[in-house]
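Contents: one structure, followed by commentary.
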2 protein chains.
Amino acid sequence: MFLGTFEHTLDAKGRLAIPAKLRNSLGEKAVLTRSPDRCLVLYPMDEWNRLAQQLSQLSQVDRNARDLQYFIFGGASECEIDAQGRIIVPAMLRNYASIDGDVVSVGMNTHIVIWSQAAWVERETRVNGDIDNIAAQLVGLF
Amino acid sequence: MFLGTFEHTLDAKGRLAIPAKLRNSLGEKAVLTRSPDRCLVLYPMDEWNRLAQQLSQLSQVDRNARDLQYFIFGGASECEIDAQGRIIVPAMLRNYASIDGDVVSVGMNTHIVIWSQAAWVERETRVNGDIDNIAAQLVGLF
DNA sequence: GGCAAAGTGGGGAAAAGTGGGGAGTTTTGT
DNA sequence: ACAAAACTCCCCACTTTTCCCCACTTTGCC
């Protein structure tokens, strides 16, 4: 169960410390890959296996399916959490998500999402103006 | 079953004592998150699990659904009740609900709602003059 | 009044976050 | 082919934050 929003930093060596509260639900290994909205996603192994299996089952004939597989599998990196609780973010993924320095990690229950600080702030301001929309959707859940 | 309204304080370390009468129905753990109306909500674990499961089932492709998940999951914090019956309210949530010092906790049957004193008073004065009108709108529900 | 429970406050130990050195390996360029 | 540069990985060290424990005050109840 991943919960909460955390601001921290990626150091000059491309290392990213996973906040302790998110780390607890993560094993020793995890998979980091791209998300369509220009951020990164970190899956624990069991969740990743489920996702990978679903992706593999898509029709190989469908071009969109293949493109999606390239996107997810091709952008993925298996990460080990080191003794300090950090993972290494490959340069290609740092580049994709425009991450350099300040980072925001968000627990999303089943997985972790990683944004560059700048992109996150931009997203926040967009959503905050629309909080009534969120409230309306919440109502629908009950 | 959470009932009643309680005024108390949040100390300088961000700790909030849950009133004993609300604490009884709460286990050792609970989840605190945001509400769209600028206050906080504290769910006991069984109630939270129900909400979290519904939220996770929403389509990941729908942007509104993702915004809602960011709002709820990203704003959530798993709280353990310490030996003094207190929880820690993360700075980000204190900030969101404008809480510093005086607090009002309200039992809402299935969950607990936490307001800053100032926002609560404002709400009270707004609603009190209009309670007949609000009740009238609910006639169809009962 | 006296006792017990609840609410409030603070100090110190432990953990988390951050940064950097250096050995070993791979890549790059001449 | 060889040297230089870049990248990994494994340590260690320092600062900040968090957590746990203890103590005092206040409230409610017998």
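Note on naming: letters A, B, ... go to the chains in the order of the sequence lines (proteins, then strands), and numbering restarts at 1 for each one. Basis for what follows: all heavy atoms, side chains included, without hydrogens, waters or symmetry-related copies. Note that the coordinates shown come from a computational prediction; the quantities given were computed from them, not determined experimentally.
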Notebook entry, point to check: Which heavy atom of A:I72 sits nearest a heavy atom of A:R34, and at what distance?
Noted result: CD1-O, 3.9 Å
Item checked: ring pair (Phe, Tyr, Trp, His ring centres under 6.0 Å) involving A:W120 - partner list, sequence neighbours excluded -> A:W115, B:Y70
Notebook entry, point to check: Taking only residues two or more places apart in sequence or in another chain, which ones pass salt bridge (Lys or Arg N to Asp or Glu O under 4.0 Å) with B:R15?
Noted result: B:D11
Note to self: What residues from residues 105-121 of chain A pass a heavy-atom cutoff of under 4.0 Å to DNA chain D?
What the structure shows: none
Item checked: Earlier contact from the 5' end, DNA chain D, for B:D82 and A:D82 -> A:D82
Next item on the list: Can you sort out the partners of A:R66 under salt bridge (Lys or Arg N to Asp or Glu O under 4.0 Å), two or more places apart, ordered by chain and number?
Entry: none
Checklist line | Heavy-atom check, side chain of A:V104 versus side chain of A:Q117, under 4.5 Å | finding: yes
Next item on the list: List in chain and number order the residues that pass salt bridge (Lys or Arg N to Asp or Glu O under 4.0 Å) with A:R63, two or more places apart in sequence or in another chain; answer none if no residue qualifies.
Entry: none
Checklist line | ring pair (Phe, Tyr, Trp, His ring centres under 6.0 Å) pairs, two or more places apart, involving residues 84-111 of chain B | finding: B:Y43-B:H111
Check: Can you give one letter per nucleotide of nucleotides 4-18 of chain C, going 5' to 3': B for a protein heavy atom under 4.0 Å from the base, S for sugar-phosphate only, - for none?
Finding: --SSBBBB----SSB
Next item on the list: Could you list the residues that satisfy side chain to side chain contact (heavy atoms under 4.5 Å, CB included) with A:S56, not counting sequence neighbours?
Entry: A:F73
Check: So, the side chain of A:S25 versus the backbone of A:M1: is there a donor-acceptor pair under 3.5 Å, distance only?
Finding: yes
Item checked: salt bridge (Lys or Arg N to Asp or Glu O under 4.0 Å) involving A:D82 - partner list, sequence neighbours excluded -> A:R86
Notebook entry, point to check: Is there a path of hydrophobic side-chain contacts, each under 4.5 Å between heavy atoms of I, L, V, M, F, W or Y residues, that connects A:V106 with A:L26?
Noted result: no
Check: Which residues in residues 88-103 of chain B have at least one heavy atom lying under 4.0 Å from any atom of DNA chain D?
Finding: B:I88
Item checked: Interface limits on DNA chain D, where chain A has a heavy atom under 4.0 Å of a nucleotide atom -> D:dC9 to D:dC19
Next item on the list: With sequence neighbours left out, write down each residue that passes side chain to side chain contact (heavy atoms under 4.5 Å, CB included) with A:A65, or none if nothing qualifies.
Entry: A:L58, A:D62
